[in-house]
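One structure is given here, and the rest of the page talks about it.
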Amino acid sequence: MYNIFKLAARNLKRYKRRTFLTSMLITLGVVAVLMFVSISGSFKTMMIGQITDSMLGHLQIHRKGYLASIDSLPLNRNLSSKQVAKIEQVLVDIDAVDTYTMRIKLGAMFSNFAETTNIRLNAVLPEQELNTVPLLSERIIQGQAAGLIEKGEILIPELIAKGMRVKIGDSIVLVANNKDGSVNGLTLQVRGILEGISGPGGRDGVIHLEDAKTLLRITGVEISEIAIRLKDMNRLPQTYADLTAKLSSIKNQQGQPVFEVHTWEKLSPFFNIAKMIDLMTFFIRIMLVAIVLVSIMNVMIMAVYERINEIGTIAAIGTLPARILGIFMVEGFLLGVLGTAIGTIISLVAIASMNASKISFDFGRQTGLLLAPTISAGEVVVVVLTVIGIAVVASLQPAYKAAKMDPIVALRHV
Amino acid sequence: MSLVVAKNLKKTYVAGDITVNAIQGVDFSIESASFVSFVGPSGSGKSTLLNMIGCLDPPTEGTLQVADNDITRLDRREAARFRGENIGFVFQDFNLIPVLTVFENVEYPLQMVQNWPAGKRRERVQELLEAVGMADQGNKYPGQISGGQKQRVAVARALVTKARLVLADEPTANLDRETATRIIDLMKKMRDEFDTTFIFSTHDPKVVKNAEIIYTLEDGKLIKSQGDNGGHHV
Ligand SMILES: Nc1ncnc2c1ncn2[C@@H]1O[C@H](COP(=O)(O)OP(=O)(O)OP(=O)(O)O)[C@@H](O)[C@H]1O
Ligand SMILES: [Mg+2]
């Protein structure tokens, strides 16, 4: 076996330029795939993290039909205290659930005593909210982030802050219709300014849950949504199925399910971008496979053609066909290994240096996101094995041709 | 006992509607450790005959026994195995493997055909390189030695597996007269040393003279045999 490798390696060295060019092509392909997978992967992870950890949570529960009319932030589709209690009972039993937060979502008129505009608000309990969406405090670009919000305070989205020329410490008035249609107002102090992010709820203001109850004259418990954070995002599909099964068994008098459960994927349009990225990754992989297949096959066909006389010689002196097959397959294999090894090293070095140089990029209205490409060992192994496997497959046909060559014909070849 | 026995051996090539009767029924037997040459004009069938004896090309008709084996009906694998175990080859164009050193070329059949252990291999290769006078050139590549030296290495490679029969089709055609004579002398010396049977073909009368048994072919027929038919002599 060692000798087959020696022979293959020497023959690759014999045609240095060709070996160099072919392995460079493979290297290029491997680098393209690994870099793309790593950069797009980390972009995806970061964006998903941003969306789930600063806004949506991983899962959300609403009263049935709430999401369909979320644009109008209907107060008559809130969860009652009995319903909330049932949900909490279910959540306690699901191990994957890390924590959850309850929100009242409402629309209101926002007045700075000179002008008035519409505002959408999330009314939250600060401690629960921060546990569920910890990155929310990072979106506070002005004002004190710690503690998120207290009663009598409001975090306003930056667009409204700019449009209404409101600064931290200013008093503003919120006016809202409650469920019955009567109007109430509440004066709040601007505590901070919230950075907007893309997606639903990305431009909402934040107030304390108690203030919302005062404003809307809610006695007891009324909740628009429960956002859930999981211990591990990879358990999302399982938990979603679990939660859906448990909650859908709870029916009203008409026999209809009372609750609806959605994953962040259903709630955020970014999920489609994420899927696009996955699709592109898939096509880039296909291209890599094609590059390896065509280049190795091409080189090996040439290698066999150039060495017909040598093949005739070794066949005549008794080398078995299987061994001749092996000699050429190993040559293709080594070519694949060479290209992959160089490609993997270049990629890993590039990824490490990108991390070291802290490259930032902008996404939508968000600026200065840090690009921190990572790649899992599993991903590297998959790419490496694929390329080497394809290299072997690509040399199969030429090697087979060499193995079944008639020694006399091969020896006579000039 | 005879090493090669051919009876009514025939080879017909059919290519499209052209039929060539390359060998048209020959009978001969070659004893162990003899030094035999097939001569004849171009196209007389020397290569065809040697290829059949060498188990590279099956006869169309007749019987052919080599080392007590009927080799007329071997499949590709069996034929390869038989060649690897019993027959050494020396080619007109030397046919050394260019990426292997002289030493590795001689080692090749032991490693890739017969699977000898490394230690014994080294010993045997060294022995053969000494026998052909190439012991000090082991680390050179074929591209770095002369034609005559290449053919010496090829003879060493043919003998290294202790083959009972070495076939050489025009081994001296690419060498000058003097070198050619030396190669034939070397082969004869190897025969004396290892008792290997040598069969070679040539159309060079000077080279032919050195053979002990000479078969003359013409149009695929044996028209003359000279020398001691009883085997090798002193
Ligand atoms: N594969 C083949 N197909 C068809 N005809 C062939 C084939 N091989 C040999 N022949 C024919 O068989 C005859 C004998 O050829 P062979 O090569 O044995 O001659 P040779 O004595 O070795 O000649 P030379 O001295 O030129 O090498 C020739 O007429 C040749 O054209
Ligand atoms: Mg010939």
Side-chain angles (χ1 to χ4, degrees), chain A residues 1-19 299-300 302-332 334-335 399-414, chain B residues 11 13 22 47-48 50-52 54-58 75-101 104-116 118 121 141-143 154 157-161 163 166-170:
Chain A
M1 203 58 191
Y2 160 74
N3 202 49
I4 291 188
F5 275 88
K6 181 176 77 183
L7 207 57
R10 296 253 184 101
N11 274 311
L12 288 176
K13 235 173 75 186
R14 175 171 167 193
Y15 301 101
K16 279 195 193 70
R17 203 147 81 143
R18 189 168 75 197
T19 302
V299 166
M300 291 316 296
M302 263 159 65
V304 169
Y305 186 77
E306 284 161 347
R307 301 217 289 274
I308 291 182
N309 249 294
E310 262 171 80
I311 296 166
T313 307
I314 61 174
I317 65 181
T319 313
L320 293 179
R323 192 152 275 190
I324 297 176
L325 185 88
I327 290 173
F328 283 93
M329 300 259 303
V330 165
E331 207 170 311
L334 283 185
L335 205 51
Y400 181 72
K401 203 179 151 213
K404 72 178 211 310
M405 233 171 241
D406 180 352
I408 303 185
V409 175
L411 280 169
R412 214 185 285 131
H413 182 90
V414 277
Chain B
K11 180 75 193 183
Y13 291 111
S47 297
T48 305
L50 257 61
N51 286 340
M52 285 194 285
C55 229
L56 289 165
D57 207 7
D75 67 22
R76 277 172 50 76
R77 264 176 61 84
E78 288 165 345
R81 193 157 268 152
F82 183 82
R83 291 194 301 269
E85 277 163 17
N86 300 288
I87 304 173
F89 288 90
V90 175
F91 303 94
Q92 177 177 338
D93 302 315
F94 324 125
N95 291 22
L96 299 179
I97 298 168
V99 295
L100 298 181
T101 62
E104 288 164 342
N105 262 286
V106 178
E107 191 186 23
Y108 179 95
L110 298 182
Q111 192 171 26
M112 300 287 272
V113 180
Q114 293 200 343
N115 305 314
W116 285 37
R121 242 170 24 221
Y141 282 89
R157 178 177 67 182
L159 290 166
V160 75
T161 56
V166 171
L167 294 169
D169 191 6
E170 313 258 10

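Here is the naming used below: chain letters follow the sequence lines, and residue numbers restart at 1 for every chain. The structure presented is a predicted model; accordingly, all values stated were derived computationally and were not measured.
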Please report the C-alpha distance between Leu411(A) and Asn95(B) in whole Å, then the side-chain angles of each, then the deciding distance to 0.1 Å, and finally whether the side chain to side chain contact (heavy atoms under 4.5 Å, CB included) criterion is met. CA-CA 9 Å; Leu411(A) 280 169; Asn95(B) 291 22; 3.2 Å; yes
Kindly indicate, with the supporting measurements, whether the criterion side chain to side chain contact (heavy atoms under 4.5 Å, CB included) is fulfilled by Asn3(A) and Glu107(B). CA-CA 10 Å; Asn3(A) 202 49; Glu107(B) 191 186 23; 5.5 Å; no
Under a 4.5 Å heavy-atom cut-off, does chain A meet the side chain of Glu104(B), its backbone, both or neither? side chain
Is Ile408(A) close to chain B through its backbone or its side chain, or both, or neither, when contacts mean heavy atoms under 4.5 Å? side chain
Need one label for Leu100(B): side chain, backbone, both or neither, based on atoms under 4.5 Å from any heavy atom in chain A. both
If I measure from the heavy atoms of chain A, does Tyr108(B) come under 4.5 Å with its side chain, its backbone, both, or neither? side chain
With rounding to the nearest 0.5 angstrom, report the OH to CZ distance, Tyr141(B) to Arg14(A). 11.5 Å
Determine the minimum heavy-atom distance between Val113(B) and Gly318(A), stating which atoms define it. CG1-O, 3.5 Å
Give, for atom OG1 of Thr161(B) and atom CD1 of Ile317(A), the distance between the pair rounded to the nearest 0.5 Å. 8.5 Å
Can you tell which part of Asn115(B) gets under 4.5 Å to a heavy atom of chain A, answering side chain, backbone, both or neither? side chain
Would you give the length of the straight line joining atom CG of Leu96(B) to atom OG1 of Thr313(A), rounded to the nearest 0.5 angstrom? 8.5 Å
Checking Lys13(A) against chain B: side chain, backbone, both or neither under 4.5 Å from a heavy atom? neither
Under 3.5 Å, is there a donor-acceptor pair between the side chain of Arg10(A) and the main chain of Pro98(B)? no
Proximal component of Ala9(A), with respect to chain B [non-hydrogen, under 4.5 Å]: neither
Flag yes if more than 12 heavy atoms outside Arg81(B) fall under 6.0 Å of its CZ atom; otherwise flag no. no
CG/Leu320(A) to CZ/Arg77(B) distance, rounded to the nearest 0.5 angstrom? 5.5 Å
To the closest 0.5 Å, what do you measure between OG1 (Thr319(A)) and CD (Gln114(B))? 11.0 Å
Quick check for you: among Ala316(A), Gly312(A), Pro407(A), which has the greatest number of heavy-atom pairs under 4.5 Å with chain B? Ala316(A)
Interatomic spacing from CZ in Arg76(B) to CG in Asp406(A) - rounded to 0.5 Å: 7.0 Å
Crowding at OH, Tyr13(B) (>12 non-hydrogen neighbours, <6.0 Å): yes
